[in-house]
Amino acid sequence: MRLADLIRFAGSRLVRLGLLLMAVSVFTFVLISLSPISPVNAYVGADIMQIGPEQRQLIAERWGLDQPMIVRFWQWLRQFVQGNWGTSLIFNQPVLSVIGQRFQASLQMLAIAWLLSGLLGLGLGIFAGAYEGSWLDRGIRLYAYVLASAPTFWVALLLLIVFAVSLRIAPICCAAPPGTLAANVTLGQRLHHLLLPAITLSIIGIASIALHTRQKLIEVLHSDYVLFAKAQGESLAGIIRHHGLRNILLPAITLQFASLSELFGGAVLVEQVYAYPGLGEATVQAALRSDVPLLVGIVFFSALFVYTGNTLADFAYQVIDPRIRIGGER
Amino acid sequence: MIGLPQTSSAPRWNRRQVTLAAIAVGAVFLLGIVLSSTIIGRTGLDPLLTARNQPPSLAHPFGTDWLGRDMLTRSLYGMSLSVRVGLLAATVSALIGTSLGLAAGTLGGWVDAVITWMIDIFFSLPHLVLLIMIAFAVGGGTQGVIIAVALTHWTSLARIIRAEVLQVNSADYVRLSHKLGRSHLWIARHHMVPHVIPQLLVGLILLFPHAILHEAALSFIGIGLSPHLPAIGIILAESMRHLSTGYWWLGVMPGLLLLLTVQAFDLLGENLRALLNPKTSQG
């Protein structure tokens, strides 16, 4: 991979990211502008009865709400690009720092869930595909089909009932024991609190990757080159190692990176059930308590997150598959 | 393998019969769910303080809640409501998807470019975040859920319909039709519709489970239906408050009903797809 090609690849990705974020900003702005929620009311909150129409007028003028939509959009976009994402009403902090803190909490959970679901899904998919039609295969398939249509929040609820209420081996809520200062939380405690949410997310994420891996492996095992390898006396393990893995890995990695979008959505629900103070929980709070700046910020951030996942998948292609390597020999 | 005698004594069903049976089972189950709220009556919804917090038994298969209401009745009412909301939203979504897919496929040019671009934007945001955002922006409530679900589920169906139309449009018999001087409308009616209708039907049915799950998720986190309308998501959210007391059935049983309903829709959709596709219909 040459440097010039790498730069061109990165450049084209950045341009597309810019276009995407532009589209998301237009979309979000129009949606929020058309909504029946009055920004003045949202700002004033509980003191609504104490201000008169003149004061409302003043607030609206100060914020430029009397200007046409295009003008407002440009003003907003300029601030946004400069890194002023506004102040979160419920946390009383700049939106960017709220997102930063919350994402840090979510990131560990998401990373564990992502790795676990990827590895387990691949493993189960290989077992199911290698022993197609066996009881093992049927069991794995049943699991995947049921989990694929199970409501995320209900699975979280079930695990909470079993592990936190009945067995009492997992904490019932939050990211740290209640009453402990953030500075005093040990690594063990933090891990203890994020393990169950992470496991919930991963057992749901396993379903699709296991089914796809199984399908792909069965395709490979029915191919002519595998028949030839068998005729030469290659064992099943050898066939999977030398012929299966190479063909399975690429779609699996794409799927796993593309699943970041669903993982993010799952995190919203799971964090809600476990009362885990991550970005997902902040999303719900922002929507429930009309915190428009925070909600818009999170929408942007999630678009960035999903895009990063897709770009990494494209990049992984180049590294793994010699046939489509950037600037490779043609 | 032709002419091999059937070894088992019992007459076995062929695949077509199994498919038809699966469709019947799915349809009856779902019809039962939708109609259940009118059939079983409201008696189970009345508070009965002598029968509070009872675990599942023969009299109350889903147990009773903290007011002594029968959880089976409540779950069926909630599920019926959720299914109806989901049906409405998914139908609107399917209409949007079909018209945009048809427009993109037939008109081409910049219309196609804009619609494909819109689909790309929808796919670049986490679905749940988009749902929350739209539900919030239109003011929440039942109306918010329906609009949010309707506006976000059309993308995959639009893609499928667009691809189908593009494929049919480039087929030889359609070109021949053009050459024979048939009008666009005639071609649309006689060549497009027969291809698009089955896709639409199956696409619509497979949209339902997504719509219902997302409706339940929105209601669960409190952005969807109001607590006065006990949809399945609301019932599950309520059960969260009673979790630590060990009343497990409040959360487990309604969720199981939701899971079964979603599976019934999947069963119905997948088998209908097999039946409508000429390649698999005569198994």
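Every heavy atom of this structure was used, including side-chain atoms; hydrogens, water molecules and symmetry mates were not. Just so we're on the same page: letters track the sequence lines, and every chain starts at 1.
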Participant: Quick one: which of A:A150, A:A23, A:G280 has the most heavy-atom pairs under 4.5 Å with chain B, could you say?
Facilitator: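 Between A:A150, A:A23, A:G280, the count favours A:A23.
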Participant: Between B:G233, B:A217, B:A237, B:A135, which has the largest tally of heavy atom pairs under 4.5 Å with chain A?
Facilitator: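 Of B:G233, B:A217, B:A237, B:A135, B:A217 has the most heavy-atom pairs under 4.5 Å with chain A.
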Participant: Where do A:A287 and B:I132 come nearest, in terms of heavy atoms and distance?
Facilitator: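 Closest approach of A:A287 to B:I132: CB-CG2, 3.4 Å.
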Participant: About how many Å separate OG of A:S149 and CZ of B:F265, when rounded to the nearest 0.5 Å?
Facilitator: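 Answer rounded to 0.5 Å: 12.5 Å.
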Participant: Of all heavy-atom pairs between A:G265 and B:P126, which one has the smallest distance, and what is that distance?
Facilitator: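 The pair with the smallest heavy-atom distance is N-CB, 4.4 Å.
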Participant: Can you tell me how far apart CG (A:L31) and CE (B:M133) are? Round to the nearest 0.5 Å.
Facilitator: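 Between atom CG of A:L31 and atom CE of B:M133 there are 5.0 Å.
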Participant: Heavy-atom distances under 4.5 Å only: say whether B:I134 touches chain A with side chain, backbone, both or neither.
Facilitator: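 Contact with chain A: backbone and side chain both.
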Participant: Would you say CZ of B:F29 has more than 12 non-hydrogen atoms from neighbouring residues, nucleotides or ligands within 6.0 angstrom?
Facilitator: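 For B:F29, atom CZ is crowded (more than 12 foreign heavy atoms under 6.0 Å).
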Participant: Could you tell me which portion of B:L256 (side chain, backbone, both or neither) has an atom closer than 4.5 angstrom to a non-hydrogen atom of chain A?
Facilitator: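 Interface part for B:L256: both.
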Participant: Measuring from atom OG1 of A:T283 to atom CZ of B:F136, what distance do you get when rounded to the nearest 0.5 angstrom?
Facilitator: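 A:T283 atom OG1 to B:F136 atom CZ measures 12.5 Å (nearest 0.5 Å).
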Participant: One pair to check against side chain to side chain contact (heavy atoms under 4.5 Å, CB included): A:F301 and B:V129. What are the steps and the verdict?
Facilitator: CA-CA 11 Å; A:F301 185 79; B:V129 172; over 6 Å; no
Participant: With a 4.5 angstrom heavy-atom cut-off, could you sort out which part of A:V146 is near chain B: side chain, backbone, both or neither?
Facilitator: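 Contact with chain B: backbone and side chain both.
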Participant: Work out which heavy atom in A:Y145 is nearest to a heavy atom in B:Q263; give both atom names and the distance.
Facilitator: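 That closest heavy-atom pairing would be O-NE2, 3.4 Å.
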Participant: Side chain to side chain contact (heavy atoms under 4.5 Å, CB included) between B:L130 and A:F27: does it pass, once the steps are laid out?
Facilitator: CA-CA 11 Å; B:L130 196 62; A:F27 172 76; 3.7 Å; yes
Participant: Go through the atoms of B:L258 and report whether side chain, backbone, both or neither lie under 4.5 Å from a heavy atom of chain A.
Facilitator: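 Looking at B:L258, just its side chain touches chain A.
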Participant: Nearest 0.5 Å please: distance from the CH2 atom of B:W117 over to the CG atom of A:L20.
Facilitator: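 Going from CH2 on B:W117 over to CG on A:L20, the span is 9.0 Å.
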Participant: Is it true that a side-chain atom of A:W154 and a backbone atom of B:L259 form a donor plus acceptor pair closer than 3.5 Å?
Facilitator: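 Side chain of A:W154 to backbone of B:L259: no pair is present.
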Participant: Is the shortest side-chain heavy-atom distance between B:L125 and A:Y307 below 4.5 Å?
Facilitator: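 SC-SC contact between B:L125 and A:Y307 ruled out.
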Participant: Look at atom CD of A:E262 and say whether more than 12 heavy atoms of other residues, nucleotides or ligands are closer to it than 6.0 Å.
Facilitator: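 No.
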Participant: Would one find more than 12 heavy atoms of other residues, nucleotides or ligands at under 6.0 Å from atom CZ of B:R84?
Facilitator: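 Yes - once you tally the heavy atoms of other residues, nucleotides and ligands closer than 6.0 Å, there are more than 12.
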Participant: Where do B:I223 and A:L288 land on the side chain to side chain contact (heavy atoms under 4.5 Å, CB included) test, with the steps shown first?
Facilitator: CA-CA 7 Å; B:I223 300 168; A:L288 284 179; 3.8 Å; yes
Participant: Of the listed residues (A:L269, A:V268, A:V296, A:I298), which shares the most heavy-atom pairs with chain B below a 4.5 Å separation?
Facilitator: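 Option with the top pair count is A:L269.
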Participant: So B:W248 and A:V165, side chain to side chain contact (heavy atoms under 4.5 Å, CB included) or not? Walk me through it.
Facilitator: CA-CA 9 Å; B:W248 53 269; A:V165 179; over 6 Å; no
Participant: Checking A:T28 against chain B: side chain, backbone, both or neither under 4.5 Å from a heavy atom?
Facilitator: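 Contact with chain B: backbone and side chain both.
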Participant: Where does A:L260 contact chain B at under 4.5 Å (heavy atoms): side chain, backbone, both or neither?
Facilitator: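 The answer is neither part of A:L260.
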Participant: Could you measure the distance from the OG atom of B:S219 to the CZ atom of A:F153? Nearest 0.5 Å is fine.
Facilitator: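 The distance works out to 8.5 Å.
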Participant: Check whether more than 12 heavy atoms from other residues, nucleotides or ligands sit under 6.0 Å from atom NE2 of A:H212, and answer yes or no.
Facilitator: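 Open: at most 12 neighbouring heavy atoms sit under 6.0 Å from NE2 of A:H212.
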Participant: Quick check on A:V273 against chain B: is it the side chain, the backbone, both or neither that has a heavy atom closer than 4.5 Å?
Facilitator: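 Its backbone and side chain both get close to chain B.
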Participant: If I take atom CD1 from residue A:I161 and atom OG from residue B:S239, how far apart are they, to the nearest 0.5 angstrom?
Facilitator: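 One finds 6.5 Å between CD1 of A:I161 and OG of B:S239.
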Participant: Counting heavy-atom pairs closer than 4.5 Å to chain A, which one of B:P254, B:P209, B:A216 comes out on top?
Facilitator: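 The candidate making the most pairs under 4.5 Å is B:A216.
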